[in-house]
Amino acid sequence: MLKGFPTISKEEQTRITTVVVRVAAMLLEYGAESRLIEQLSSRLGVALGCTSIEISLIPSAIVLTTLIGDSSVTTTRRAHEQPINMSIVHQIVTICIAAEQNPRDIMMVETKLANIHSNPYPAWVIIPMIGLSCAAFSHLQGADWAGVCITFLAASVGMIVRRELSSRNYSLLIVFAFTAFVCTMVASLSFYHGFSSTGSIVLSSSVLLLVPGFPYINSMLDAFKGYISMGWGRWTQATLLTLMSSLGIMLAMGLLDIKGW
Amino acid sequence: MMLWVTLLLNSLWAAIPAVGFGMIFNVPRSALPLCAVGGAFTYGFREVLMYNHLSIELSTFIAATAIGIIGVFWSRRYAMPRPVYTVPSIIPIIPGTYAYEMMISLVSMNSDGVTDALLSSFIQNGLHAVSILFAIAFGLVLPSMYYTKRQKPII
């Protein structure tokens, strides 16, 4: 056994492994970048008494091995698709720092992990805020004030649709396509009797709430930091989301017979 | 003088999407003001650079590097991972419209047949979107590439 550490039984090592892989899987599900996942889980493992942690990531699963002396425990977890939640990632970072300050306190880590809460923003804050965001985009691209108002309306309705569909556990791809469809339908109001003279800007900026910014940025960050396969996986996901939103836009434009942006 | 006022107003407008998208990503409440500051700063800085006749890619790269470096200081101070601040801050400069336009010309090439206009719109918008995205990502990565030389993690 390692010098300076009391012996750790196999059961205890399994318990440590379960905690660490749970942390890694949560980080992957809620949208942390690969470097952060690897760093945090190995820091947590070392704080709990492991010699080292070896981790292998693919976009949908995690394989993780804890090494203590010469005994090793390996486990695999599947990561399920979840909406991105930086609040949970932040709480996990806090837990990891706390674990480093009190080494080998697995009870504390387990209770804190069980108490993680997602604290989402209430609907009456987030819906008008997203409407305002897209309105700001259309203003920055030079829409007139009637156009800005229609963008606000379209993006707010889109956000309501997106929240409702997400809470019914539809696939993210379906949610994006349908939301883009509804947004474009509402935004096409700007062509009604020439209500706004900048209709194409309204159309393009009312769907900007669907830009998959986090997957794109995460994929680039992963690829640059040496996690090539994770980068490709996330890039594919982001491209698929963009493609599905475009299909929703195309469907609405085809139905209403609008030509061009 | 008038120009600076317009620039300031536009930066304030750009702070709104940063906060809004921060809410979609569910960043902690205490980080929202920093996201707003970051969004306004990134957009304003890029506008200033573009006004000085730099290309959009180069200005985007410099602005993203700046917010990446600022993010390192913020994340040390408030013990939060950097994407919490940096990703909402670069949302106002993400090439969303280019990406959509590229995809739409791709889909309409399939339905209406390949024309020169559609093909050039596809290639041009696609190149714009990818190069701006590269500029953003490389700018955000640069600070952490510096910090990996020292073995200690940032937070």
Side-chain angles (χ1 to χ4, degrees), chain A residues 30-33 35-36 39-40 43 83-91 93-94 97 118-121 125-126 129-137 139-141 159 180 204-205 207-211 213-214 216-221 223-225 239 242-243 245-247 249-250 253-254 261, chain B residues 9-10 12-32 43 47 75 78-88 90-92 94-97 99-108 111 129 133-134 136-138 140-142 144-145 148 153-155:
Chain A
Y30 291 109
E33 54 164 320
R35 165 74 60 77
L36 191 69
Q39 265 181 3
L40 276 186
R43 278 166 69 183
I84 285 153
N85 194 326
M86 280 297 120
S87 171
I88 290 183
V89 174
H90 168 56
Q91 290 170 50
V93 173
T94 321
I97 292 172
S118 69
N119 45 23
Y121 290 94
V125 176
I126 197 165
M129 204 53 212
I130 294 306
L132 260 181
S133 302
C134 289
F137 276 131
H139 175 75
L140 286 176
Q141 284 171 25
M159 193 62 206
S204 67
S205 48
V207 286
L208 281 181
L209 79 146
L210 296 171
V211 169
F214 238 99
Y216 270 129
I217 293 298
N218 269 342
S219 75
M220 294 299 246
L221 291 181
F224 270 113
K225 291 177 181 176
T239 312
T242 317
L243 185 64
S245 333
S246 310
L247 283 181
I249 299 169
M250 290 299 292
M253 280 165 68
W261 261 15
Chain B
L9 278 181
N10 278 355
L12 289 183
W13 276 98
I16 300 174
V19 175
F21 278 80
M23 285 178 169
I24 289 193
F25 305 143
N26 213 342
V27 307
R29 247 150 262 216
S30 56
L32 281 181
Y43 187 85
E47 289 292 287
S75 76
Y78 302 102
M80 274 186 218
R82 276 176 311 138
V84 170
Y85 312 111
T86 49
V87 176
I90 51 98
I91 283 288
I94 278 227
T97 321
Y100 279 132
E101 248 172 280
M102 176 188 86
M103 286 295 180
I104 283 184
S105 39
L106 186 68
V107 177
S108 37
S111 53
L133 211 56
F134 249 88
I136 293 175
F138 193 53
L140 286 187
V141 161
L142 267 188
S144 62
M145 282 185 163
T148 46
I154 289 175
I155 46 165

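In this text the structure is predicted, and so the values were computed from the model without any measurement. Each chain gets a letter, A, B and so on, in the order the sequences are listed, and its residues count up from 1. Atoms considered below: every heavy atom in the structure, side chains included; atoms not considered: hydrogens, waters and symmetry mates.
Taking the six-membered ring where tryptophan is involved, the planes of A:Phe224 and B:Phe138 are tilted, since the angle between them lies from 30° to 60°.
Within a 6.0 Å radius of CZ in B:Phe134, other residues, nucleotides and ligands contribute 12 heavy atoms or fewer.
For B:Leu32, the part lying near chain A is the side chain, with the backbone staying farther off; criterion is any non-hydrogen pair under 4.5 Å. Both the backbone and the side chain of A:Thr239 come within contact range of chain B, each with at least one heavy atom under 4.5 Å from a heavy atom of that chain. Proximity to chain B is limited to the side chain of A:Glu33, based on heavy atoms less than 4.5 angstrom apart. Both the backbone and the side chain of A:Leu208 come within contact range of chain B, with heavy atoms under 4.5 Å apart. There is no contact between A:Leu40 and chain B, counting heavy-atom distances below 4.5 Å. Proximity to chain B involves both the backbone and the side chain of A:Leu132, based on heavy atoms less than 4.5 angstrom apart. Neither the backbone nor the side chain of B:Ala31 comes within less than 4.5 Å of any heavy atom of chain A. Contact of A:Ile130 with chain B is made through the side chain alone, with heavy-atom distances under 4.5 Å. Contact of B:Tyr43 with chain A is made through the side chain alone, with heavy-atom distances under 4.5 Å.
Counting all heavy atoms, side chain and backbone alike, B:Gly20 lies closest to A:Met129 at CA-CG, 4.0 Å. Listed here is the closest heavy atom pair of A:Val125 and B:Met23: CG1-CE, 3.4 Å. In plain terms, the two heavy atoms of B:Arg29 and A:Pro120 that are nearest each other are NH2-O, 3.9 Å. Here the closest heavy-atom approach between residue A:Val93 and residue B:Ala79 is recorded as CG1-O, 4.2 Å. Looking at every heavy atom in both residues, B:Asn26 comes nearest to A:Ser118 through ND2-O, 3.2 Å. Contact between A:Ala136 and B:Ile16 at its shortest, heavy atoms only, is CB-CB, 4.3 Å.
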Is there a side chain to side chain contact (heavy atoms under 4.5 Å, CB included) between B:Thr97 and A:Gln141? Walk through the geometry before answering.
CA-CA 10 Å; B:Thr97 321; A:Gln141 284 171 25; 3.5 Å; yes
Test side chain to side chain contact (heavy atoms under 4.5 Å, CB included) on A:Ile217 and B:Ile136; report intermediate values, then the result.
CA-CA 8 Å; A:Ile217 293 298; B:Ile136 293 175; 3.7 Å; yes
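Atom CD1 of B:Ile24 is separated from atom OG of A:Ser133 by 7.5 Å, given to the nearest 0.5 angstrom. For the atom pair B:Ile104 CD1 and A:Met253 CE, the distance stands at 5.5 Å (nearest 0.5 Å). The structure places CG of B:Leu106 at 10.0 Å from CE of A:Met250, a figure rounded to the nearest 0.5 Å. To the nearest 0.5 Å, atoms CD1 (B:Ile91) and CZ (A:Phe137) are separated by 6.5 Å.
Here A:Asn119 is the residue among A:Asn119, A:Ile97, A:Ile88, A:Leu247 with the most heavy-atom pairs under 4.5 Å with chain B. The choice from A:Arg43, A:Lys225, A:Gln91 that makes the most heavy-atom pairs within less than 4.5 Å of chain B is A:Arg43. With chain B as the partner, the residue from A:Thr94, A:Leu140, A:Thr242 showing the most heavy-atom pairs under 4.5 Å is A:Leu140.
Scored by the side-chain hydrogen bond (donor to acceptor under 3.5 Å, both in side chains) test, B:Ser105 finds B:Ser121 as partners (sequence neighbours excluded). Under the ring-ring contact (aromatic ring centres under 6.0 Å, His included) criterion, A:Phe214 pairs with B:Phe25, not counting sequence neighbours.
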